[in-house]
Each structure stands twice: as C-alpha cells, then as structure tokens.
Amino acid sequence: MKTDLKNLITAFKERGSFLFPSLIVIVFSGLISALIWLALGPNSSPAFYPPDKTKTSFLYAATYPANEKFQKELVQLKNRGSLSEKDELEIQSSLLASTDFLDIPPALLWCLLFQESRLNHLEGIDSENSALGLGQFSQFSFFEINHQQSRYRPTNINLIISMFGRDVRPIAAKRKDILSPSSYYSIPTAVVSSAIYLNNRYHQLTQILIKRGIEYHPDLLWLFSAMAYNKGTRSVLTLWNNVQKQNGSERFKLLVNNYEYFRKTTSDSLLLTQSLKRIWDETKARSYSRELAIHTRNISSCALSPLYQTTRTLAEVAP
Amino acid sequence: MTKILNPIEKSRSQNNIPSRHTLSSAQKTIALFIFFSGLGLTMLFFFTYSSLTKIDSDSISYSTLLTSLSTGGYSQFYSDKKLLRSKIATMLSSPQNETEETYATNIALYLFPDLLPDSNFEKIVAVEQWAPLESAIEKKPRSHEARLLFDEMKSNIWNYENPKMDRSGLSLYASETLKIYHELSAP
C-alpha cells in the first residue's frame, strides 16, 4: 500500500505540473456544478420537510402583513382613522397572548382578522348581517365557543380564564354593552374567540389526518384551517377527497406537506370548482371556488415569509 | 295438378268463403301493425314507468322521509329510512355515473355516514358530529332533550358547511337533513 502511494507521489512529481492541477480542476468543477444544480435545479421550490414539526414559524413571516399592498392598505386605514392606534395595539397584544397560548402562527391570525374585517371590531354592528365583528362570527360560531368546547382542546377554556380571570362565556354580539368581556365587539374577546375558533378548525383537520395515519406539516394545516374558518371545513375536506381520488395518496401527502403543491392546488380554479360541485350547484360552486382561491391567496401573501412568495403571486394578489 | 284441400278449406271453397290464405296477407299486415304498435307502446310505458320509478325512488330520499314522518308516523319514517339506506348502499358500491355517486355520497354523509368508504375524509366528521345526535333524537323523538340535540346538530352542520351563514346557505342535502330532524325533534 505504502509502495503504491510512493509510486503515485513519484508519478505526481514526474508529471505533477500537469496531472495534479487537472485533478483539482475536475473536482472543483464537479463541486461547482453540483452547487449550481442544487441552487437552480427543479427541486429548488420551497418543498420542505423540516425535522422539528413543533416549529410553526417555518413558513410564516415574523412581521406582518408581509405583502407590500397590505402594508400600504394598513397605513391608509390608519390615516383615514378607520383603525386607531389604541385599537391596533389592543388587537396586537390580545393576538400575541392568544397565539402564544394556542401555538398559532401570529401572522396567520392577524392576516385572517385583517381579511375578515380590516381590523374593524365593530364591523356590522348597525346591520342585520349574519357575520359580525373582528372575526366575522355568526350565531353558530358563538354556539361552538359557548357550548361545544368540551369537544375540543381544554387549552381553549384555559386561554379565556387566563385572559379575563374567569370564564366570560356565553359570548355574544352585545351591541349595547360593547366593552363587556362577554361581548364580541370587545377587542380582547373577539381576538380570543376567533383564535379559539381557528384552533378548533385546526384540531378538526389534524385529528382526521392523525386517525388516517397521514403525516402533515403544521404550517400548511394552519393555512387549511384558515380556509375552513372562512368557507367551512367541508370545502377543505371535499378538496382533499378530490385530490386523493384524482391524483392518489402520494400526491395528497404532498398537498399537506409541500407549500408549492399547496399553492398550485389552491389556485387551480377548475379543481376547486370541480370539488365544490360535489356540495353545491355549478353556479354556487364557481362563485365559492373563486372566493376561496382569493381568500387563500390573500392570507398566504399577507402571512407567509417573503421567502415563500414568488413575484407572480404577489402581483396576482389584490387586497 | 289438382290442389288437395283439407276439409275446412274444402268447406270454405264450397261456401264461397274466402280462403284462409287469402286473408292471411291482410291479417299479417294488421298483425304486424298491432305488434309494432304494441311494442312501441310497451317500450314507451317501460321507459316512462322506469323514469317515474326513478323519480319516485329519488324523492324517497328526503321529501318522502319528511312526508312519511308527518303522515305515516315514526314507523313509516324508520321503514322508509331503512329502504333508503339499502338503496344508498347499492349506489355507493356500484355507482352508475358521477352524478349518482355524488348524490349517494351526500345522502350517506348526512344520514348513513357508516356507509361511506374509510378513504373519505368527511366520514370521520359525520360519524362524530351528527350521526350520534341523529340516533339520540330518533330514540327520544319530540322531546325537549331531542330539541337540544337538534340545536347542537344544526350548529355542527352550519359550522361545517357555511360558518359565515352567507348567501349560499347550506347544501340541499344538509338543509333537508335539518328539516327532517327539526320535525323529529319538535316537542
């Protein structure tokens, strides 16, 4: 072995001026090619399977709204006086407390509330609308918060007690007593209730996947939960059924693990309409699929880290 | 060559009665006419009947269940529900087309979720969120307890399909299911 090595060194010494630099060139060019391939290759899209699934901030922006258009709109809301600094601070402090307690990505909840009401906690107070306040709650959202919490996680009730010092339920849209902690027009109550309702959607979706033994990425499940918050869990599950039926189980797993595939799927209006046609007639399915696609795009562009937002996605989004 | 006639033909010939062979061509025409008309009418009846049967059998799904509940009472309702269950089970096991599959899946989702395949993501929600409530209402119909269970079921279904209660409302299947259990739980 030693002799072989000596012979090789001798050979290098004899032909060293040519062979050794050539080898270095080959090795380096190989390395550079590999690096270029990794950087620009087809798998450079943000497909991710991080080992630590307890981290929910992988996909979400640390500061929000992440989209410049929404940032401008927020400034306009403040300049017009539609959102006071006091209300904004109260929303932010309640939001951080709730998201920390329930392990919700703060950017997602903020963007969901922004999308639902443009942070107007009195939205619909003088109207007969079925959906009211900061998180656009309906009578059935209230029913779930007030009477069905035993079905969900006990942390929900602990959050209410931790925030208000007692259980302030039943919560309702109390027009005449908007400052009462039991009124949904009160900012901390609205934020906490909306966070719980979103958390329940997440719990519902994750339980289904756990029972089926399907691995998922929590960040993507939060996006699906925001879709379910707005259009019902049935819309999400019908989409899941359709993807699984048409594209198979492997593709479905990709849908709950890969952001790029999630983005493509939720912006495929044909697929969304086809899925929702299993629930509603064609006209309603079309209109619902359009609304769902816009809602998902807006939430994503507002809440996701700029790293995961292509220029095209940003340009497509209209607040 | 003399034609040999049988005794009947011979008698016909002697009494100047037209031969059976002479009549047969006219009769054949009439017979053919009657045959094809009959066939056409039979086919028309068959297709009309089968389509009527189909409509009737479809309507058993919800409107008949509701009618049977208000007119025929619980026993009629349970018997019709049982019939519907077997029909939906057949449809789900071998659907004729996508429309039929969607129809059967939607009815199964709200009335017989155990019939849905395990691969269906909606099955778990239905089995947990309204199937037990429906059974409980059926066990104690028209009671205060049943009405409380119905309120919970209604909330679960609205939150599942349309949490904002917007203009789309509920799907036809969800709203018909709620009508049935509203009737069944009315104290």
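So you know, we letter chains A, B, ... as the sequences are listed, proteins then strands, and number each from 1. Here the structure is a predicted model, which means the values were calculated and not measured.
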Partners passing side chain to side chain donor-acceptor pair (under 3.5 Å) against B:Y78 (at least two apart in sequence or in another chain): none
Which bit of A:I214 comes within less than 4.5 Å of chain B, counting heavy atoms only: side chain, backbone, both or neither? side chain
Which atoms of A:L209 come close to chain B, meaning under 4.5 Å heavy atom to heavy atom: side chain ones, backbone ones, both, or neither? side chain
Between chain B and chain A, which N/O donor-acceptor pairs sit under 3.5 Å?
{"from": "B:E98", "atom 1": "OE2", "to": "A:R278", "atom 2": "NH2", "distance (Å)": "3.4"}
{"from": "B:E101", "atom 1": "OE1", "to": "A:K245", "atom 2": "NZ", "distance (Å)": "3.0"}
{"from": "B:E101", "atom 1": "OE2", "to": "A:K245", "atom 2": "NZ", "distance (Å)": "3.4"}
{"from": "B:N106", "atom 1": "OD1", "to": "A:R234", "atom 2": "NH1", "distance (Å)": "3.3"}
{"from": "B:N106", "atom 1": "OD1", "to": "A:R234", "atom 2": "NH2", "distance (Å)": "2.7"}
{"from": "B:N106", "atom 1": "ND2", "to": "A:R278", "atom 2": "O", "distance (Å)": "2.8"}
{"from": "B:S119", "atom 1": "O", "to": "A:R212", "atom 2": "NH1", "distance (Å)": "3.0"}
{"from": "B:S119", "atom 1": "O", "to": "A:Q244", "atom 2": "NE2", "distance (Å)": "3.1"}
{"from": "B:N120", "atom 1": "OD1", "to": "A:N241", "atom 2": "ND2", "distance (Å)": "3.0"}
{"from": "B:F121", "atom 1": "N", "to": "A:N241", "atom 2": "OD1", "distance (Å)": "2.9"}
{"from": "B:E122", "atom 1": "OE1", "to": "A:R234", "atom 2": "NE", "distance (Å)": "2.7"}
{"from": "B:E128", "atom 1": "OE2", "to": "A:K211", "atom 2": "NZ", "distance (Å)": "2.2"}
{"from": "B:S155", "atom 1": "OG", "to": "A:Q148", "atom 2": "OE1", "distance (Å)": "3.4"}
{"from": "B:N156", "atom 1": "OD1", "to": "A:Q148", "atom 2": "NE2", "distance (Å)": "2.6"}
{"from": "B:N156", "atom 1": "OD1", "to": "A:R151", "atom 2": "NH2", "distance (Å)": "2.6"}
{"from": "B:N159", "atom 1": "OD1", "to": "A:Y197", "atom 2": "OH", "distance (Å)": "2.7"}
{"from": "B:N159", "atom 1": "ND2", "to": "A:F140", "atom 2": "O", "distance (Å)": "2.9"}
{"from": "B:Y160", "atom 1": "O", "to": "A:T233", "atom 2": "N", "distance (Å)": "3.2"}
{"from": "B:Y160", "atom 1": "O", "to": "A:R234", "atom 2": "N", "distance (Å)": "2.9"}
{"from": "B:E161", "atom 1": "OE2", "to": "A:R234", "atom 2": "NH1", "distance (Å)": "2.8"}
{"from": "B:N162", "atom 1": "OD1", "to": "A:Y288", "atom 2": "OH", "distance (Å)": "3.3"}
{"from": "B:P163", "atom 1": "O", "to": "A:S138", "atom 2": "OG", "distance (Å)": "2.6"}
{"from": "B:K164", "atom 1": "O", "to": "A:S130", "atom 2": "OG", "distance (Å)": "3.1"}
{"from": "B:K164", "atom 1": "NZ", "to": "A:E116", "atom 2": "OE1", "distance (Å)": "2.6"}
{"from": "B:K164", "atom 1": "NZ", "to": "A:E116", "atom 2": "OE2", "distance (Å)": "2.9"}
{"from": "B:M165", "atom 1": "O", "to": "A:S130", "atom 2": "OG", "distance (Å)": "3.0"}
{"from": "B:D166", "atom 1": "OD1", "to": "A:Y288", "atom 2": "OH", "distance (Å)": "3.2"}
{"from": "B:D166", "atom 1": "OD2", "to": "A:Y288", "atom 2": "OH", "distance (Å)": "3.3"}
{"from": "B:R167", "atom 1": "NH2", "to": "A:S287", "atom 2": "OG", "distance (Å)": "3.1"}
{"from": "B:R167", "atom 1": "NH2", "to": "A:E291", "atom 2": "OE2", "distance (Å)": "2.6"}
{"from": "B:S168", "atom 1": "O", "to": "A:K284", "atom 2": "NZ", "distance (Å)": "2.9"}

With only heavy atoms counted, which part of B:L170 is less than 4.5 Å from chain A, the side chain, the backbone, both or neither? backbone
Can you tell me which portion of A:F142 sits under 4.5 Å from chain B's heavy atoms? Options are side chain, backbone, both or neither. neither
Counting neighbours of CG on A:L270 that are heavy atoms of other residues, nucleotides or ligands and sit closer than 6.0 Å, is the number greater than 12? no
Holding to side-chain contact (heavy atoms from CB on, under 4.5 Å), I want the full list of residues that pass it with B:A146, two or more places apart in sequence or in another chain. B:I137, B:S143, B:S185
